[in-house]
Amino acid sequence: MKINYGFAIAANEVTVAEFQAFRKQHKHAIKFAPDINCPVNDVSWYDAVAFCNWLSDKEGLIRCYEPNTASDYAAGVRIPDDLLQRSGYRLPTVLELECLCRAGTVSEYSFGDAPDLLPNYAWFESNSENRTWPVGSKLPNAWGAFDVHGNLWEWSGDLERIADQATDRVAVDQDARLLCGGAFDNSMSRVHSGDHLVHFPHEYKYSYGFRPARTLSPK
């Protein structure tokens, strides 16, 4: 797996504390994230891109998304043609997320094919006690990324129809988006390196979260 430009992705999923610094009133599912250092849940795709723009503004970088005509983050958010050329924060592509997860491997999991090692790296159905846990609680993969398996499904920037990305310039509720990585309530067969989930951008759930990315050297 090779990507022909430089990029960076957060080592951890965005936490409750980090997201509430952006949107204090956000109501997450506390039952599944009882600690502010757990990954934030109940975030839609629109919530995630709004956070990315806020983080870009905070660091003086070029925004990667344009609000809809109501200056809001909902259906109508615009995705510029030069998204991957901009310096700001954005949602990673599916390919970037899988590349981060695999960390150069081609095995079932980032650490190999031995399922008995999974509890050392991931929170999933067998060990999570039906909740998420503070980010970075398990071992990182070879590239230093935590929770690439389990804890929460992570929103990507990609449509379900990945081949149509070039024409996806306005986000609408009817266009499903892809999530990656599996969650705390999934079996080990759903938290492997290449698994995806499909949901609409306005949907949010106790098992959906995200981590931001940036382009470092445009292709």
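All figures in this text were calculated on a predicted structure; none of them were measured in a lab.
- With hydrogens and angles left out, the side-chain atoms of Arg102 and Ser107 include no donor and acceptor closer than 3.5 Å.
- Hydrophobic clustering keeps Val40 apart from Phe32 (ILVMFWY residues linked when any side-chain heavy atoms are closer than 4.5 Å, directly or through intermediates).
- Within 6.0 Å of atom OH in Tyr109, more than 12 heavy atoms from other residues, nucleotides or ligands are found, so the atom counts as buried in its surroundings.
- In terms of modelled atom types and a separation under 3.5 Å, the side chain of Asn41 and the main chain of His28 share no donor-acceptor contact.
- Distance check: His196 NE2 to Glu98 CD gives 5.0 Å after rounding to the nearest 0.5 Å.
- Put simply, the side chain of Trp45 never gets that close to the backbone of Ala74: no donor and acceptor are under 3.5 Å apart.
- There is a side-chain donor-acceptor pair under 3.5 Å between Tyr73 and Asn53.
- Between the CG atom of Leu83 and the CG atom of Leu91 there is a distance of 9.0 Å, given to the nearest 0.5 Å.
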For this session: Show your reasoning for whether side-chain hydrogen bond (donor to acceptor under 3.5 Å, both in side chains) applies to Tyr206 and Asp185.
Result: CA-CA 10 Å; Tyr206 63 85; Asp185 59 347; 2.9 Å; yes
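- Formation of a donor-acceptor pair under 3.5 Å by the Glu59 side chain with backbone atoms of Ser56 is not found in this model.
- Side-chain N/O atoms of Glu96 and Tyr5 include a donor and acceptor closer than 3.5 Å.
- Between Asp47 and Arg23 there is a salt bridge, since at least one side-chain N of the basic residue sits less than 4.0 Å from a carboxylate O of the acidic one.
- Connection of Phe210 to Leu61 is established within a shared hydrophobic cluster, with ILVMFWY side chains joined at heavy-atom distances below 4.5 Å, either directly or through further cluster members.
- The CZ atom of Phe184 sits 14.0 Å away from atom CZ of Phe124, with the distance rounded to the nearest 0.5 Å.
- Note that CE of Met188 is 12.0 Å distant from CG of Asn186, once rounded to the nearest 0.5 Å.
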Residues 140-151, side-chain donor-acceptor partners within the protein, below 3.5 Å, at least two apart:
{"from": "Asn141", "atom 1": "OD1", "to": "Trp143", "atom 2": "N", "distance (Å)": "3.0"}
{"from": "Asn141", "atom 1": "OD1", "to": "Gly144", "atom 2": "N", "distance (Å)": "3.2"}
{"from": "Asn141", "atom 1": "OD1", "to": "Ala145", "atom 2": "N", "distance (Å)": "3.0"}
{"from": "Asn141", "atom 1": "ND2", "to": "Leu100", "atom 2": "O", "distance (Å)": "2.8"}
{"from": "Asn141", "atom 1": "ND2", "to": "Cys101", "atom 2": "O", "distance (Å)": "3.2"}
{"from": "Asp147", "atom 1": "OD2", "to": "Gly136", "atom 2": "N", "distance (Å)": "3.3"}
{"from": "His149", "atom 1": "ND1", "to": "Val191", "atom 2": "O", "distance (Å)": "2.7"}
{"from": "His149", "atom 1": "NE2", "to": "Ser110", "atom 2": "N", "distance (Å)": "3.1"}
{"from": "His149", "atom 1": "NE2", "to": "Ser110", "atom 2": "OG", "distance (Å)": "3.1"}
{"from": "Asn151", "atom 1": "OD1", "to": "Trp133", "atom 2": "N", "distance (Å)": "3.1"}
{"from": "Asn151", "atom 1": "ND2", "to": "Trp133", "atom 2": "O", "distance (Å)": "3.1"}

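- There is a path of hydrophobic side-chain contacts, each under 4.5 Å, that joins Val198 to Val94.
- Heavy-atom minimum distance, Pro115 versus Pro119: O-CD, 3.8 Å.
- Note on Trp123 and Trp153: separate hydrophobic clusters, where clusters join Ile, Leu, Val, Met, Phe, Trp and Tyr whose side-chain heavy atoms are under 4.5 Å apart, directly or indirectly.
- Side-chain atoms of Asn12 never come within 3.5 Å of backbone atoms of Pro134 as a donor-acceptor pair (strictly under, hydrogens ignored).
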For this session: Verify side chain to side chain contact (heavy atoms under 4.5 Å, CB included) between Thr132 and Leu152, making sure each step is shown before the conclusion.
Result: CA-CA 7 Å; Thr132 59; Leu152 287 183; 3.6 Å; yes
For this session: For the pair Asp158 and Arg177, evaluate salt bridge (Lys or Arg N to Asp or Glu O under 4.0 Å) and give the outcome as yes or no after the intermediate values.
Result: CA-CA 6 Å; Asp158 289 344; Arg177 302 276 166 174; over 6 Å; no
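- Within the cation-pi definition used here (under 6.0 Å to the ring centroid, within 45° of the axis), Arg214 qualifies as a partner of Tyr89.
- The cluster map of Ile, Leu, Val, Met, Phe, Trp and Tyr, joined by side-chain heavy atoms under 4.5 Å apart, puts Leu179 and Phe19 in the same cluster.
- The pair Asp42-Lys205 does not meet the salt-bridge criterion, since no charged nitrogen lies less than 4.0 angstrom from a carboxylate oxygen.
- Judged by distance alone, with hydrogens and angles left aside, the side-chain atoms of Arg211 form a donor-acceptor pair with the main-chain N or O of Ala11 at under 3.5 Å.
- Note that CZ of Arg131 is 9.0 Å distant from OG of Ser128, once rounded to the nearest 0.5 Å.
- For the atom pair Leu159 CG and Ile79 CD1, the distance stands at 7.0 Å (nearest 0.5 Å).
- Arg169 and Asp81 are joined by a salt bridge, as a carboxylate oxygen and a charged side-chain nitrogen come within less than 4.0 angstrom of each other.
- Side-chain contact check for His199 and Tyr208: at least one donor-acceptor pair (N or O, by modelled atom type) lies under 3.5 Å.
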